[in-house]
K.L.:
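The structure that follows is given in the form of structure tokens.
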Amino acid sequence: MSQPALSPALANSPFMRACRREPNDVTPVWLMRQAGRYMPEYRELRAKVSFLELCKSPDLATEVTVTAAERLGVDAAILFADILLILEPIGFDLEFAKGEGPVIHNPIREAKDVDRVLPFDDPDSLDYVFKAVTSIRSALKPNLPLIGFAGAPFTLACYAIEGGGSRHYEKAKAFMYRDPGAFNVLMSRLVDATVIYLNMQAEAGAQVLQLFDSWVGTLGPDDYAQFVQPHMTRLFAELTPTAPAIHFGTDTNSLLELQRDAGGDVIGLDWRVDLAEAWDRLGPGVAVQGNLDPIILFGPESEVRARTRRVLDKAAGRPGHIFNLGHGILPHTPVDNVLALIDEVHSYRPR
Ligand code: CP3
């Protein structure tokens, strides 16, 4: 499997340059969940179709992705999909219940349940994702990179075991401690599926691949090193080498070096760390993405702008900074503040 060659317009875009740690005149910015419920255009469409219908329609997914990227004027678009879609073809019964978030009706609860996790040997079952990638790529401006993505295996395993969101991940972690062998098999199967899934997104037209390890911060460093890092290392090693990879997590202050060692050209930072200190710890071999607290967008515009500048001051014009929030935009975020943030990033020049 291979990725189509990068056009010069894409290769020279500020976002791709930052992924390669090359200098930029202006810091590139995009926002996790930039297409979502905070946007009236999205809510209008969602009044007519369910979330899964939206994900499964390449035309609608294209409309949502492109509308958000163009309305915001960001430097990258992200495929409209969800990290949990991969669970369907490998044997899970997934529902996005109204007001409840994602629900998996047949979660893994015992070691023997891992046997029913299927290999992802019919990638056509997610053809709607690959079609969306190709259609988004051709609808976007030729110089705007497209990010494909997947959930990281630990975060997917949490959903598969808990059966939905969770506060403490007690079912997933208890399973891991009680039955490390079965947990390892589950993680390996998730890695196998994710490698195929991401490489096919790259082949279909995604320039960059992001792994969302949203819940990995629930682990301490020893558990990360034992239960997660070997799987993440294999995953990154098996991704299409031409596509830069972004390694994202939250609450990862104690895990950053381990995550960097596992892989990724760009490491995601949330707002709980100081960007300059975290980047010093990571060293010059990686780019970083982050790290404004998404809640700041609920404050006054002057504060949004001031805090945005503070993050940029921390990066201090070092090559390889991609501006983003530390986690996704929340549903009631005022759109005007999002636009102010992007304007502030684009007007900023390092001192
Ligand atoms: O960033 C983007 O704009 C691209 C699309 C995207 C979505 N989900 C759309 C979505 C991406 C990259 C994701 C990733 C995702 N999904 C993650 C990792 C990122 C993170 O936030 O930590 C996780 C953990 C999920 C699982 C998931 N999907 C949850 C917990 C929920 C419910 C959240 C909620 O606020 O209700 C979803 C649903 C979801 N995924 C929505 C969107 C726009 C809201 C669905 C709706 O319209 O009702």
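A quick note: this is a predicted structure, and the numbers were derived from the prediction, not measured. Order of listing sets the numbers, starting from 1, for every ligand and every atom in it. Index from 1, following the sequence.
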K.L.:
Give the residue, atom name and distance (to 0.1 Å) of the protein heavy atom nearest atom 35 (O) of ligand 1.
P.N.:
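The answer is R37 NH2, 2.3 Å.
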K.L.:
Quick one: does F248 get a heavy atom under 4.0 Å from ligand 1?
P.N.:
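Not so, F248 does not reach ligand 1.
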K.L.:
From the options T250, D213, T218, select the one residue that forms a side-chain hydrogen bond (donor to acceptor under 3.5 Å, both in side chains) with T155.
P.N.:
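Option passing the side-chain hydrogen bond (donor to acceptor under 3.5 Å, both in side chains) with T155: D213.
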K.L.:
With a cutoff of 4.0 Å, is Q210 in contact with ligand 1, counting heavy atoms of the residue only?
P.N.:
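Flag not set, Q210 not near ligand 1.
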K.L.:
Which pair of heavy atoms, one from L312 and one from V345, lies closest together, and at what distance?
P.N.:
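Taking L312 first and V345 second, the nearest heavy atoms are CD1-CA, 3.9 Å.
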K.L.:
Do any nitrogen or oxygen atoms of Y159 lie less than 3.5 angstrom from nitrogen or oxygen atoms of ligand 1?
P.N.:
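There is no such contact.
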K.L.:
Can you tell me which residue and heavy atom of the protein come closest to atom 18 (C) of ligand 1, and the distance to 0.1 Å?
P.N.:
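Checked against all protein heavy atoms, atom 18 (C) of ligand 1 sits closest to S214 OG, 3.2 Å.
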K.L.:
With side-chain contact (heavy atoms from CB on, under 4.5 Å) as the criterion, how do I90 and R189 come out once you've worked through the C-alpha distance, each side chain's angles and the decisive distance to 0.1 Å?
P.N.:
CA-CA 9 Å; I90 64 172; R189 291 189 183 181; over 6 Å; no
K.L.:
Under 30°, 30 to 60°, or over 60°: which ring-plane class applies to F183 and F175, parallel, tilted or perpendicular?
P.N.:
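F183 and F175: tilted rings.
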K.L.:
May I ask you to check whether F51 and F80 place their ring centres under 6.0 Å from each other?
P.N.:
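Yes, the ring centres sit under 6.0 Å apart.
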K.L.:
Counting only heavy atoms, which portion of L79 has something under 4.0 Å from ligand 1: side chain, backbone, both, or neither?
P.N.:
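The answer is the backbone of L79.
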K.L.:
Checking a contact table here: which protein heavy atom is nearest atom 23 (C) of ligand 1, and how many Å away?
P.N.:
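Nearest neighbour among protein heavy atoms for atom 23 (C) of ligand 1, to 0.1 Å: I83 CD1, 3.4 Å.
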K.L.:
Enter the distance from R305:CZ to I296:CD1 here, rounded to the nearest 0.5 Å.
P.N.:
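Those atoms lie 14.5 Å apart.
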K.L.:
What do the steps show when you test L31 against I342 for side-chain contact (heavy atoms from CB on, under 4.5 Å), and what is the final call?
P.N.:
CA-CA 9 Å; L31 304 171; I342 291 157; 4.2 Å; yes
K.L.:
For atom 20 (C) of ligand 1, what is the closest protein heavy atom, and at what distance to 0.1 Å?
P.N.:
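Of every protein heavy atom, H327 NE2, 3.1 Å lies nearest to atom 20 (C) of ligand 1.
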K.L.:
Centroid-to-centroid, F154 to F227, below 6.0 Å?
P.N.:
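No, the ring of F154 stays outside the 6.0 Å limit from the ring of F227, centre to centre.
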K.L.:
Passes side-chain contact (heavy atoms from CB on, under 4.5 Å), I295 versus L330? Steps please.
P.N.:
CA-CA 8 Å; I295 306 290; L330 290 165; 3.3 Å; yes
K.L.:
Heavy atom under 4.0 Å from ligand 1: found in M32's side chain, backbone, both, or neither?
P.N.:
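The answer is the backbone of M32.
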K.L.:
Considering only protein heavy atoms, which is closest to atom 11 (C) of ligand 1, and at what distance to one decimal place?
P.N.:
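Result for atom 11 (C) of ligand 1: F149 CZ, 3.6 Å.
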K.L.:
Is the closest N or O pair between R33 and ligand 1 shorter than 3.5 Å?
P.N.:
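R33 vs ligand 1: N/O contact under 3.5 Å present.
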K.L.:
Taking the minimum heavy-atom distance to atom 31 (C) of ligand 1, which of A97, G101, P102 ranks first?
P.N.:
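Looking at heavy atoms only, P102 sits closest to atom 31 (C) of ligand 1.
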K.L.:
Check whether E41 reaches the backbone of A68 with its side chain - one donor and one acceptor, N or O, closer than 3.5 Å.
P.N.:
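Checking the backbone N and O of A68 against the side chain of E41, no donor-acceptor pair under 3.5 Å is found.
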K.L.:
R33 vs T333, test: side-chain contact (heavy atoms from CB on, under 4.5 Å). Steps then yes/no.
P.N.:
CA-CA 11 Å; R33 289 277 167 100; T333 301; over 6 Å; no
K.L.:
Counting from 1, what ligand 1 atoms have a heavy atom of F212 closer than 4.0 Å?
P.N.:
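This gives 12 (C), 18 (C), 19 (C) as the contact atoms.
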K.L.:
If I apply the N/O under 3.5 Å rule, does R46 come out as touching ligand 1?
P.N.:
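By distance alone, the answer is yes.
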K.L.:
Which of these, L54, D82, L211, has its nearest heavy atom closest to atom 28 (N) of ligand 1?
P.N.:
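Looking at heavy atoms only, the winner is D82.
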K.L.:
Look at atom 47 (O) of ligand 1 and find which of Y38, Y42, W30 reaches it with the closest heavy atom.
P.N.:
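Among Y38, Y42, W30, the closest heavy atom to atom 47 (O) of ligand 1 comes from Y42.
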K.L.:
Only heavy atoms of I78, strictly under 4.0 Å: list the atoms of ligand 1 that pass.
P.N.:
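Near I78, meaning under 4.0 Å from one of its heavy atoms, ligand 1 has 1 (O), 2 (C), 3 (O), 4 (C), 12 (C).
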K.L.:
If we only consider heavy atoms of A35, is any one of them less than 4.0 Å away from an atom in ligand 1?
P.N.:
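Yes, A35 has a heavy atom closer than 4.0 Å to ligand 1.
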K.L.:
Under 4.0 angstrom from ligand 1, any heavy atom of G328?
P.N.:
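Under 4.0 Å: no for G328.
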K.L.:
Which protein heavy atom lies closest to atom 39 (C) of ligand 1, and at what distance to 0.1 Å?
P.N.:
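The closest one turns out to be F51 CZ, 3.4 Å.
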K.L.:
Counting heavy atoms only, which part of A81 comes closer than 4.0 Å to ligand 1: side chain, backbone, both or neither?
P.N.:
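The answer is the backbone of A81.
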K.L.:
With respect to W215, determine whether any N or O atom, backbone or side chain, lies less than 3.5 Å from an N or O atom of ligand 1.
P.N.:
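In fact, backbone or side chain, W215 has no N or O that close.
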K.L.:
Taking atom CG of D25 as the centre, report whether more than 12 heavy atoms of other residues, nucleotides or ligands fall under 6.0 Å from it.
P.N.:
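Not buried by this count: 12 neighbours or fewer within 6.0 Å.
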K.L.:
Check whether any side-chain heavy atom of T65 sits under 4.5 Å from a side-chain heavy atom of I78, and report yes or no.
P.N.:
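T65 vs I78: side chains apart.
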